[in-house]
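Everything below concerns the one structure shown next.
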Amino acid sequence: MANDASTSPGETRGADFIRQIVNDDRSSGRWQGQVVTRFPPEPNGYLHLGHAYASLLSYGIARENAGRFNLRFDDTNPSREEQEYVDAIRADLRWLGLDWEGREFYASDYFEQLYAWAEALVRAGKAFVCGLTAEELRSYRGTLTEPGRNSPDRDRSPDENLALLRGMRAGDHAPGSLTLRARIDMAAPNLNLRDPVMYRILDATHHRTGDAWHIYPSYDWAHGQSDAIEGVTHSLCSLEFEDHRPLYDWFVEALGIHHPRQIEFARFNLSHAVMSKRKVRRLVDEGHVSGWDDPRMLTLAGMRRRGYTPEAIAAFCADVGVSKRDKVIELARLEHFQRQHLNAIASRRMAVLDPLRVVITNWPSGQVDHLPAVNNPEAPEAGSREVPFTGELWIERDDFMEDPPRKFFRLAPGREVRLRYAFFITCDEVVKDADGRVVELRCRYDPATRGGDAPDGRKVKATLHWVSAAEALRAEVRLYDRLFVSEQPEEGGADFLDGLNPDSLELRPNAWLEPALADARPGDPIQFERLGYFAVDPESRPEALRFNRVVGLRDGWSRGKGQPD
RNA sequence: UGGGGGUUAGUCUAACGGUUAGGACAGCGGACUUUGAAUCCGCCGGUCUGGGUUCGAAUCCCAGACCCCCAGCCA
């Protein structure tokens, strides 16, 4: 997690531009050196990798500066927000490792205060009730190049406005019939300043306040004031709110309340993926994925299910850095950090995904040997386990070729290879079925090579993973790959769904696992040797084991295969 | 053709007028290897363009190009 020592107060070199600002503010004594940040998700969907980045950034900056970090649900639009999402967001953030120390707030906590402030602005002549319809409002707003026009209601008296506003609150007016607008400048080049809407009348039940309110604050009216109430010092948000900062500042100034500093950063896109809420929702709604937690999704729920670890996500987010330029991060980068973390902690196990039978012809009938196998070569303290070896085994079908090309050095007729942790075997005979398909290999083992070394010093070119047939556990293994073949599915005119990867999920329903995998639980970091990192799916049951591939091992063999040599 | 941002290798990022423009990821090559993994070593490759200031410019100035965001009673 972020514990960047290079960002102590006054120190700016090496720090990103936001941390430099925070450091400068601390050393200049602004806000008495306090640092308070917040993460303000709207509970209208599931969190994804981009939210992880944003939340970790605000959380990290608070921690590095011995400050506070608040979680605040931005629940100002009851028509699309639900408790289900609040619960999911909370769970995701906890899983990520964020600790808001009980400071879990809601914009709706502040509805009463916001309303009182609205009346104050009305009294001060800085807000008015407007009777323009939505369509009229749009036309009065002007365009990017032409100024807007004042609302006919703009100069209504404060008393009348107050009466109307109270009526709005009381439910005396139909949804859409009136709005409360800030009285700023209809000729402002920044459209956000053209008398923006503060309150709209909504006929909806709020997930927390129920039917207590008929009016709901807009984002602009709620956000800065919520920050102010919480004493937020540095309010971090993404670039599209840069245009809103003058309005953010205008409101807190007009109210004369605590004035947080809004700082905007660029979010990122991941290659071969979509991040926008709208598109992610469409994947779910149209059934292109199994749900919000489909392991192919970059939702935190999906990534958790897939087997991604919060540590890897945090390392990835820290590495992406903070800037204001558009960025598309290569998926390989995420995978790198995931491999790096799992390599250090994953238990090595053997699993055969696409099995080919091997009979050891000279193995003493009925005998079972138990061979010690290292759990994690990167962590000797993880110890070892024993794997059973018998005369009938499964190996990976890919690990045998009847007529191998030059650089294939796994098993082939007449060739000797090592079975990991076990013995050298030599392939004597290939058994085929009526269709010519290889169904069994008959091999001879060398008893002197027990453990995997030949006393005579002879070498083999390959080491294969294997599982003893009698003791093996059957499982379904799911191989996940990028959801999109196109690098940037969101770009270009074509429908982003055209870029869907038809092979993003490959089932291996007949996999065989070594017995030690019987008690693996969801969340346990596991490497299937030579294949990749895998995780137990939450829906896995003892009688129907199910594993998900998090990410494959780097594979120099298959990478080089397509290249001319 | 209004306003607000942005532009350093394929990707992300560092540089704070003085570095042979650094690092990571990707790619390529090699060493090692009981995971074709990991590890180690090496290579490839960059300052948007054009002027100017300066002994010296990615950095400062001028002009231009290109990209992103904004016309919800969404956030």
Side-chain angles (χ1 to χ4, degrees), chain A residues 12-14 16 20 40-42 44 74 76-77 79-81 130 132-134 137-139 141-148 175-181 188-194 196-202 215-216 218-220 222-223 237-246 264 266 268 271 277 319-337 339-340 343-344 348 350 373-374 377-378 407-410 418-422 424 449 451-453 459-465 487 527-532 552-560 563:
Chain A
T12 57
R13 285 181 77 89
D16 60 67
Q20 289 186 25
E42 182 188 12
N44 73 338
D74 215 341
T76 56
N77 189 347
S79 55
R80 23 186 261 174
E81 292 151 8
C130 176
L132 256 22
T133 64
L137 180 52
R138 189 182 320 126
S139 98
R141 185 156 29 229
T143 69
L144 294 179
T145 52
E146 307 156 33
S177 61
L178 296 174
T179 56
L180 182 73
R181 298 173 65 190
N190 181 342
L191 268 40
N192 294 119
L193 263 16
R194 319 242 263 226
V197 170
M198 296 166 60
Y199 276 107
R200 71 279 210 194
I201 303 171
L202 252 31
I215 56 173
Y216 291 91
S218 63
Y219 165 85
D220 287 303
H223 203 91
C237 61
S238 44
L239 242 33
E240 67 269 29
F241 292 104
E242 216 153 13
D243 282 346
H244 293 246
R245 182 163 17 108
E264 310 85 9
F268 61 85
S271 71
K277 230 172 216 178
D319 185 74
V320 164
V322 183
S323 66
K324 300 184 78 156
R325 28 189 314 206
D326 295 340
K327 44 191 160 201
V328 180
I329 315 289
E330 290 173 342
L331 190 60
R333 197 179 196 78
L334 211 214
E335 294 178 338
H336 163 77
F337 282 98
R339 287 193 190 100
Q340 180 175 276
N343 176 53
R348 272 58 171 178
M350 291 197 286
V374 170
E378 306 288 329
K407 290 172 120 174
F408 182 90
F409 45 81
R410 279 114 91 150
R418 171 169 40 234
L419 294 182
R420 183 120 160 112
Y421 305 122
F424 286 11
T449 58
D453 280 310
K459 301 290 183 198
V460 288
K461 290 279 281 178
T463 300
L464 310 187
H465 60 277
E487 210 170 286
Q527 181 194 99
F528 289 171
E529 295 220 37
R530 303 210 304 135
L531 297 174
L553 255 23
R554 289 189 74 207
D555 183 356
W557 160 244
S558 61
R559 256 187 307 147
Q563 307 302 316

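We name chains A, B, ... by the order of the sequence lines, and we start the count at 1 in each one. Just so you know, these numbers use all the heavy atoms, side chains as well, and skip hydrogens, waters and symmetry mates.
With values rounded to the nearest 0.5 angstrom, R200(A) atom CZ is found 11.0 Å from T179(A) atom OG1. With rounding to the nearest 0.5 Å, the separation of NZ in K459(A) from CZ in F424(A) is 7.5 Å. Rounding to the nearest 0.5 Å gives a distance of 10.5 Å between CZ of R245(A) and CG of N190(A). Interatomic distance, CG of L531(A) versus CG of L553(A), reported as 8.0 Å (0.5 Å rounding). Here the straight-line distance linking atom CG of D243(A) with atom CG of L191(A) works out to 8.5 Å at 0.5 Å rounding.
Side-chain atoms of E378(A) lie closest to A38(B) of the nucleotides A75(B), U35(B), A38(B). Checking A75(B), C70(B), G36(B) against the side-chain heavy atoms of L191(A) singles out C70(B) as nearest.
Base pairing in RNA chain B yields stems of at least 3 consecutive Watson-Crick or G-U pairs, both distances under 3.5 Å, namely B:2-7 with B:65-70, B:10-13 with B:22-25, B:27-31 with B:39-43, B:48-52 with B:60-64.
One atom, CZ of F241(A), and another, C1' of G5(B), lie 15 Å apart when rounded to the nearest Å. For L419(A) and U35(B), the CG to C1' distance is 13 Å, given to the nearest whole Å. Per the geometry, CG belonging to L553(A) stands 7 Å off P belonging to A38(B), to the nearest Å. Note: NE2 (H223(A)) to P (C74(B)) measures 17 Å, nearest angstrom. Computed from coordinates, the K459(A) NZ to U33(B) P distance equals 7 Å when rounded to whole Å. Atoms CZ (R420(A)) and C1' (U35(B)) sit 5 Å apart, rounded to a whole Å. Protein atom CD of Q20(A) is 11 Å distant from nucleotide atom P of C16(B), rounded to whole Å. A straight line from CG of L202(A) to C1' of C74(B) spans 11 Å, rounded to a whole angstrom.
Against the 90° criterion about 0, the sugar-base torsion of G27(B) places it in the anti range.
Between N343(A) and V197(A), it is N343(A) whose nearest contact on RNA chain B lies nearer the 5' terminus. When each of K324(A) and T449(A) is assigned the nucleotide of RNA chain B with its nearest heavy atom, K324(A) is the one assigned upstream, toward the 5' end.
Using a 4.0 Å heavy-atom distance criterion, Q527(A) is classed as a base contact. Residue contacts for I329(A): at a heavy-atom cut-off of 4.0 Å it reaches the sugar-phosphate backbone alone, with no base atom in range. S271(A) comes within 4.0 angstrom of nothing in the nucleic acid, heavy atoms only. Residue D243(A) is classed as a base contact, given a heavy-atom separation below 4.0 Å to a base. Here R554(A) lies in heavy-atom contact (under 4.0 Å) with sugar-phosphate atoms only. R339(A) comes within 4.0 angstrom of nothing in the nucleic acid, heavy atoms only. Base engagement by F409(A) is indicated by at least one non-hydrogen atom pair under 4.0 Å involving a base atom. If you check every strand for non-hydrogen atoms under 4.0 Å, E330(A) touches a base. Across all strands, S79(A) comes closer than 4.0 Å to no nucleic acid atom at all (heavy-atom distances). Base contact: E529(A) has a heavy atom under 4.0 Å from a base atom. Contacts of P377(A) with the nucleic acid, taken as non-hydrogen atoms under 4.0 Å apart, include base atoms. Within the 4.0 angstrom heavy-atom criterion, base atoms lie near H244(A). Residue-level contact check: I215(A) touches neither bases nor backbone, having no heavy atom under 4.0 Å from any strand. Y421(A) comes within contact range of at least one nucleobase, with a heavy-atom separation under 4.0 Å.
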Check nucleotides 22-24 of chain B against the protein and report each pair of N or O atoms closer than 3.5 Å, with its distance, or say if there are none.
unit_1: A24(B); atom_1: N3; unit_2: R333(A); atom_2: NH2; d: 3.3

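Residue side chain R410(A) reaches the base of G36(B) through a donor-acceptor N/O pair under 3.5 Å, judged by distance alone.
Look at R530(A) and you'll find a side-chain N or O under 4.0 angstrom from OP1 or OP2 of G36(B). For the pair T463(A) and U35(B), the criterion of a side-chain N or O lying under 4.0 Å from OP1 or OP2 is not met. OP1 or OP2 of G72(B) lies within a sub-4.0 Å distance of a side-chain N or O belonging to R141(A). Close to C74(B), at under 4.0 Å from its OP1 or OP2, lies a side-chain N or O of R200(A). For U13(B), the OP1/OP2 oxygens have a side-chain nitrogen or oxygen of K327(A) closer than 4.0 Å.
Between the C1' atoms of U19(B) and A14(B), the separation comes to 12 Å (whole Å). With both ends at atom C1', the span from A9(B) to C28(B) equals 15 Å, rounded to whole Å. Going from the C1' atom of A58(B) to that of G18(B) covers 13 Å, rounded to whole Å. The same atom, C1', is picked in U13(B) and in A21(B); the two are 13 Å apart, to the nearest Å. Of the P atoms belonging to G3(B) and A15(B), the separation is 31 Å, rounded to the nearest Å. Rounded to whole Å, the C1' atom of G22(B) lies 16 Å from the corresponding atom of U59(B). Nucleotides U7(B) and C60(B) are separated by 11 Å at their P atoms, to the nearest Å. Separation of the C1' atoms belonging to U35(B) and C67(B) is 45 Å when rounded to the nearest angstrom.
The aromatic ring of Y219(A) is not stacked on the base of A75(B), since the criterion of ring centres less than 5.5 Å apart with planes inclined by under 30° is not met.
Counted by atom type alone, R420(A) and T463(A) present zero donor-acceptor pairs between their side chains at under 3.5 Å.
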